[in-house]
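Numbering of residues begins at 1 and proceeds along the displayed sequence. In this text, all values refer to a predicted model and were calculated from it rather than measured experimentally.
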Amino acid sequence: MATSIDYGNLMHAAMRGLIRRLLEDVKANGLPGEHHFFITFDTMHPDVEIADWLSDRYPGEMTVVMQHWYDGLEVGAEGFAVTLNFGESPEPLYIPYDAIRTFVDPSVEFGLRFETQETEAAPADMVEVDADDPDAEAGEKKGDAEVVSLDAFRK
C-alpha cells in the first residue's frame with residue numbers, strides 16, 4: 001500500500017488525457033477557428049519516432065506546430081502520429097504523450113507544462129497554485145513553495 005498520494009503523476013495523467021481527447025476531436029472535426037497547437041517534446045524519448053535528420057537537428061527537444069497543414073493524424077492510447085511539413089518536406093512523427101513537455105494553444109492562451117515528477121516529493125517541492133493573487137508571477141517563490149500564476153492563460 002502506498003504511503004502517500006502521488007498527485008503530480010495523477011495530474012500529469014489527467015493532462016495527457018486532455019491532450020488525447022483534444023487530438024481525437026481534431027481528428028474527427030479538424031481544428032476549429034483560429035485554434036492551433038505548439039507541442040514541445042523530448043526527441044530522445046525512447047518511443048519517439050522522427051526522421052534521423054530531425055533528431056540530429058533537435059537533439060533534446062523540438063517544438064512542432066499543428067495549424068494549417070497536417071496529415072494522417074492518428075490518436076492512440078499511448079501517443080499520436082501525424083505528418084507535418086518541414087520546409088516542403090512532409091515527415092511522419094510519432095509522439096508518445098509522456099514525451100510531451102509543453103502543449104500550448106496560443107489562440108486562447110491555454111497551456112500545459114509537464115515537469116519531471118519525483119516518486120517521493122518532499123513538501124518543500126510542492127507547487128502551490130494561487131489564482132487569486134494578482135501580484136504573483138510565474139515561478140515566484142513564496143516560502144518554500146513555488147507559486148504559479150494562472151493569469152497568463154486567462155483570456
Quick one: are [X] and [Y] in side-chain contact, heavy atoms under 4.5 Å?
X: Pro90; Y: Trp69; answer: yes
X: Asp47; Y: Glu78; answer: no
X: Ile100; Y: Thr40; answer: no

Walk me through it: do Ile50 and Glu91 pass the test side chain to side chain contact (heavy atoms under 4.5 Å, CB included)? CA-CA 8 Å; Ile50 59 175; Glu91 291 287 347; over 6 Å; no
Nearest 0.5 Å, please: how far is [atom2] in [Y] from [atom1] in [X]?
X: His12; Y: Asp6; atom1: NE2; atom2: CG; result: 9.5 Å
X: Glu74; Y: Thr83; atom1: CD; atom2: OG1; result: 9.5 Å
X: Thr63; Y: Phe41; atom1: OG1; atom2: CZ; result: 8.5 Å
X: Arg21; Y: Leu23; atom1: CZ; atom2: CG; result: 12.5 Å
X: Leu112; Y: Leu18; atom1: CG; atom2: CG; result: 6.0 Å
X: Met44; Y: Met62; atom1: CE; atom2: CE; result: 11.0 Å

With a 6.0 Å cut-off (strictly less than), is the heavy-atom count around [atom1] of [X], excluding the residue itself, greater than 12?
X: Asp71; atom1: CG; result: yes
X: Gln67; atom1: CD; result: yes
X: Met11; atom1: CE; result: no

Exercise: identify the closest heavy-atom pair between [X] and [Y]:
X: Ser107; Y: Glu34; result: CB-O, 3.3 Å
X: Met15; Y: Arg113; result: CE-O, 3.8 Å
X: Met66; Y: Leu31; result: O-CD1, 3.6 Å

Think Arg16 forms a cation-pi with Phe114, using NZ or CZ under 6.0 Å from the six-ring centre and within 45 degrees of its axis? yes
How are the rings of Trp53 and Phe86 set to each other: parallel, tilted or perpendicular (split at 30° and 60°)? perpendicular
Give the C-alpha distance, both sets of side-chain angles, the deciding distance and a yes or no for side chain to side chain contact (heavy atoms under 4.5 Å, CB included) between Val48 and Asp42. CA-CA 8 Å; Val48 163; Asp42 176 2; 5.8 Å; no
Test Thr102 against Ile39 for side chain to side chain contact (heavy atoms under 4.5 Å, CB included), laying out the working first. CA-CA 6 Å; Thr102 62; Ile39 304 168; over 6 Å; no
Phe80 and Tyr94 aromatic centres sub-6.0 Å: no
Between the side chain of Thr43 and the main-chain N/O of Tyr58, is any donor-acceptor distance below 3.5 Å?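 Yes: the side chain of Thr43 pairs with the backbone of Tyr58.
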Between Tyr97 (side chain only) and Gly76 (backbone N and O only), is there a donor and an acceptor less than 3.5 Å apart?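 Yes, because the side chain of Tyr97 sits within donor-acceptor range (under 3.5 Å) of the backbone of Gly76.
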Verify whether one side chain among Asp105 and His36 offers a donor that lies under 3.5 Å from an acceptor in the other.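 Checked: Asp105/His36 side chains show no N/O donor-acceptor pair below 3.5 Å.
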Please evaluate residues Val64 and Phe38 with respect to the criterion side chain to side chain contact (heavy atoms under 4.5 Å, CB included), reporting the C-alpha separation (whole Å), side-chain torsions for both, the decisive distance (0.1 Å), and the verdict. CA-CA 6 Å; Val64 295; Phe38 291 169; over 6 Å; no
